[in-house]
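Structure, as structure tokens:
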Amino acid sequence: MNDSHPVITVNQRGAARLRGGHLWVYRSDLTSAEAAPGALVQVRDERGKRLGSALYSSASQIAIRLLSGDEITEKMLPDLLRARISGAVEFRRPAARGTDSYRVIFSEADLLPGLIVDKYNDVLAMQALTQAFDRDDLRQVVLDSLSEHFPDASVLERVDAHIRKLEELPPRDSQVLRVARSSPSFGPGRETGERSSTIFTLNGVRFHFDGLSGQKTGAFLDQRENYAAAARYAHGEALDVFTYQGGFALHAARVCDKVTAVDSSRPALEVAEQNEQLNREQHRSGEIEWIEANAFDLLKDYATAGRQYDTIVLDPPAFAKTKRAVPTALRAYKELNLRALKMLRPGGILVTCSCSFHVSEAEFLEMLGSAAADAGRVVRVLEKRGAAMDHPALLNVPETAYLKCMICEVES
């Protein structure tokens with residue numbers, strides 16, 4: 001890349017968005033856009049007033065992501081990225097004292113829009129979500145910085161084929177970018193130095209991680225603190241719905257008498273069973289019952305059969321990936337929560353989650369209240385929670401505050 005700096009002009013709506021503290025401008029709000037894919041661009045309003053420097057995508061509907069309100073040159077960009085990576089690492093030192101696994105870089109929330117880095121014990125998993133962070137020079141800056149801060153960790157790139165298609169990037173396989181041989185090895189492949197798998201710990205619970213398996217990790221780092229919070233209230237017989245690889249179920253097994261966990265993915269449940277083997281000595285519940293089933297069908301059948309539980313966890317995937325999908329998503333959330341509320345014994349605990357950004361906390365609580373009324377249950381909200389502290393939210397970028405986790409107690 002050279003030091004010529006394309007200028008992109010945004011309309012009044014785009015300018016107001018940036019002045020209001022958001023970092024994104026959509027393609028529909030550009031009045032001029034002549035820049036190379038992934039370029040550093042200078043942003044102006046229609047009167048020519050400077051709005052800052054941004055990273056440009058020639059393909060995404062999010063055309064520019066603001067890096068700074070100041071003018072940044074290509075020569076300045078590597079130092080800026082290194083400083084922000086250092087800031088992100090430093091911000092998470094309190095979280096790092098209590099776990100070996102956490103999100104190191106959270107895109108816009110760390111003013112590194114389009115870059116995600118997660119730490120799983122001694123493996124770092126990097127995702128480039130934009131054309132800019134797919135640039136060879138910026139990838140190298142990121143890789144060098146991560147190697148400096150985490151010298152004993154391997155670094156791998158996890159590729160989301162859908163994201164690459166949206167960004168019009170060439171196909172690429174997930175791959176190990178940097179191998180560190182100094183720390184202990186875990187799992188298959190380690191004897192060859194392919195440091196892509198490990199065993200990591202959240203709240204004292206151990207999980208397998210394989211960065212090249214093609215699956216997302218089943219212990220979602222954003223739920224780390226919610227796993228622990230749920231375990232403080234969980235008791236009796238527990239049902240974990242949408243368990244994936246067992247995040248909530250494995251925490252509940254330490255305190256509950258019996259745990260049943262449900263997911264529609266057989267490969268995910270196979271990993272969950274492997275995770276159970278790592279933790280069985282800590283389990284009060286005995287063997288977890290893993291069930292492969294459609295969650296909606298199973299809850300309907302169990303509710304009809306009069307099944308009762310003391311603790312139910314609902315942690316579904318995002319039902320609303322667009323604003324248009326919100327009404328349908330709210331109906332789905334209500335169906336799940338209504339059935340769960342009917343199945344809880346008096347004094348039971350409902351842990352209900354949504355990772356759909358487009359469903360607001362207010363809408364989620366309104367849905368939950370409607371489900372409680374229809375179920376004829378009195379529900380007390382014990383905790384309203386979000387993502388763990390390593391997933392901070394920017395006040396004026398609401399997309400960074402996506403996770404809702406309500407812990408409720410059900411009366412008669």
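Starting from 1, each residue takes its place in the sequence as its number. Bear in mind that the values here come from a model prediction, so they are computed numbers and not experimental data. Values reported hereafter were calculated over all heavy atoms of this structure, with side chains retained and with hydrogens, waters and symmetry mates removed.
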Audit row: Glu335, Arg331, salt bridge (Lys or Arg N to Asp or Glu O under 4.0 Å) steps and yes/no: CA-CA 6 Å; Glu335 179 181 344; Arg331 287 193 294 271; over 6 Å; no

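- By the 4.0 Å N-to-carboxylate-O rule, Glu399 lies too far from Arg65 to be salt-bridged with it.
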Verdict with reasoning, Leu112 to Ser107, per side chain to side chain contact (heavy atoms under 4.5 Å, CB included): CA-CA 5 Å; Leu112 290 163; Ser107 195; over 6 Å; no

Stepwise salt bridge (Lys or Arg N to Asp or Glu O under 4.0 Å) test for Lys334 and Asp374: CA-CA 10 Å; Lys334 183 175 179 180; Asp374 289 357; 2.7 Å; yes

Verdict with reasoning, Asp390 to Arg92, per salt bridge (Lys or Arg N to Asp or Glu O under 4.0 Å): CA-CA 6 Å; Asp390 52 323; Arg92 286 160 177 83; 5.6 Å; no

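- Counting all heavy atoms, side chain and backbone alike, Ala371 lies closest to Leu338 at O-CD1, 3.4 Å.
- Between Val25 and Gly14, the closest heavy-atom pair is CG2-O, 3.9 Å.
- The existence of a salt bridge linking Asp134 and Arg172 is confirmed by a sub-4.0 Å separation between a basic side-chain nitrogen and an acidic carboxylate oxygen.
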Verdict with reasoning, Arg206 to Asn279, per side chain to side chain donor-acceptor pair (under 3.5 Å): CA-CA 6 Å; Arg206 303 174 77 203; Asn279 297 281; 5.9 Å; no

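- Contact check on Arg82 versus Asp144 returns no salt bridge, with no Lys/Arg side-chain nitrogen under 4.0 Å from an Asp/Glu carboxylate oxygen.
- With contacts defined as side-chain heavy-atom distances shorter than 4.5 Å, the pair Val313/Leu239 does not qualify.
- Of the residues Leu115, Thr400, Leu66, the one that meets the side chain to side chain contact (heavy atoms under 4.5 Å, CB included) test with Glu108 is Thr400.
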Working for side chain to side chain contact (heavy atoms under 4.5 Å, CB included), residues Glu361 and Met406: CA-CA 10 Å; Glu361 181 180 293; Met406 307 299 165; 3.6 Å; yes

Worked verdict on Asp122 versus Thr198 for side chain to side chain donor-acceptor pair (under 3.5 Å): CA-CA 7 Å; Asp122 55 352; Thr198 191; 2.7 Å; yes

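- By the 4.0 Å N-to-carboxylate-O rule, Lys119 lies too far from Asp100 to be salt-bridged with it.
- In summary, Glu167 and Arg164 do not engage in a salt bridge, as defined by a charged side-chain N under 4.0 Å from a carboxylate O.
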Trace of the side chain to side chain donor-acceptor pair (under 3.5 Å) decision for Glu270 with Trp290: CA-CA 9 Å; Glu270 290 173 355; Trp290 306 101; over 6 Å; no

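- Atom SG of residue Cys405 and atom CG of residue Asp315 lie 7.5 Å apart, to the nearest 0.5 angstrom.
- Here the OH-OG distance, from Tyr402 to Ser354, works out to 11.0 Å after rounding to the nearest 0.5 Å.
- A salt bridge links Glu157 with Arg139: the closest approach of a Lys/Arg side-chain nitrogen to an acidic carboxylate oxygen falls below 4.0 angstrom.
- Ionic pairing of Glu74 and Arg135 is present here: one or more N-O contacts between side-chain nitrogen and carboxylate oxygen are shorter than 4.0 angstrom.
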Working for side chain to side chain contact (heavy atoms under 4.5 Å, CB included), residues Gln42 and Ile8: CA-CA 6 Å; Gln42 307 305 323; Ile8 286 186; over 6 Å; no

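- Salt bridge Arg13/Asp29: present, at least one basic N to carboxylate O contact under 4.0 Å.
- Residues Leu278 and Phe207 are not in side-chain contact: their nearest non-hydrogen atoms beyond the backbone lie 4.5 Å or more apart.
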Test log, rule side chain to side chain contact (heavy atoms under 4.5 Å, CB included), inputs Asp45 and Arg19: CA-CA 11 Å; Asp45 66 15; Arg19 291 189 176 110; 2.7 Å; yes

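- Note: Gln127 CD to Ile163 CD1 = 8.0 Å, rounded to the nearest 0.5 Å.
- Taking a 6.0 Å sphere around CD of Gln12, one finds it holds 12 or fewer heavy atoms contributed by other residues, nucleotides or ligands.
- Classification of Glu411 and Arg380 as a salt-bridged pair holds, one side-chain N sitting under 4.0 Å from a carboxylate O.
- A 4.5 Å side-chain heavy-atom check between Thr260 and Asp240 finds every atom pair outside the cut-off.
- In this structure, CG in Leu314 is found 6.5 Å from CG in Leu299, a value given to the nearest 0.5 Å.
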Derivation and outcome, side chain to side chain donor-acceptor pair (under 3.5 Å), residues Thr322 and His358: CA-CA 7 Å; Thr322 64; His358 293 288; over 6 Å; no

